[in-house]
Amino acid sequence: MCARKALLLVDVQNDFCPNGALAVPEGDSIISILNQYIQKFSQNSFPVFASRDWHPVTTHHFKEFGGSWPAHCVENTRGAAFHPSLDLPENIIVFSKGMREGQDGYSAFEGVDDQGICLFDLLKQQDVEEIFIGGLATDYCVKASCLDAVKQGLKVYLLIDGIKGVNIHPDDSKEAIDEMVDRGVELLCFEECVFS
Ligand SMILES: [Zn+2]
């Protein structure tokens, strides 16, 4: 039997796209290919999951309160909503993260769904062995999610055409990808994503 697969879309939220509070350069340029991945996984009856930053107004994650980032993805704001062009399936399960004051929540594996179930438990319940990860941003939440997935014993594919990085330092994304590959993450583009 072939291993059960799942797609994880990391933080494709308005605030991480152009004009957002913490915009990733060209962050919205990956959405059309992510929509193709969503379609492919849905057609094959593989589950699709999405993570989102879902911060309180006051959190040490934000610069104003001693953290690293301008305020972004504050719960229930437009900035925290998924980008309107992202075609999420109706049965999408969303994992919210960074919800507690002082919790950065870089990794989707720190998130919980609306029942309070964490991503890893749900993957286990659904017998998922291989996870395909894309979204924003390569050098932060995508990287943290991929490395956590590896730690959990999953086979991890990074969707190389479905990610964008912040690149505070110009090579940040490249170094993040190198580190992921070193830890066993496999790189994959849409043309190579074939389910038989
Ligand atoms: Zn955040």
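Each ligand, and each atom within it, is numbered from 1 in the order the structure gives.
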> Asp139 side chain to Asn167 main-chain N or O, any donor-acceptor pair under 3.5 Å?
Replying inline: yes
> Under 3.5 Å, is there a donor-acceptor pair between the side chain of Lys40 and the main chain of Cys193?
Replying inline: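 Answer holds: yes.
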>> Need the atom name: nearest N/O/S atom of His55 to the Zn ion (ligand 1).
In response: NE2
> Taking just the N, O or S atoms of Asp53, which one is nearest to the Zn ion (ligand 1)?
Replying inline: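 So the atom name we want here is OD2.
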>> Tell me the angle that NE2 of His72 and NE2 of His61 form around the Zn ion (ligand 1), rounded to 10°.
In response: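 Between NE2 of His72 and NE2 of His61, at the Zn ion (ligand 1), the angle is about 100°.
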>> Between the side chains of Glu110 and Lys97, is the shortest nitrogen-to-carboxylate-oxygen separation below 4.0 Å, so that they form an ion pair?
In response: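 Looking at Glu110 together with Lys97, the answer is no, because their closest N to O distance does not fall below 4.0 Å.
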>> Check for me whether the distance between the ring centres of Phe132 and Phe46 falls short of 6.0 Å.
In response: no
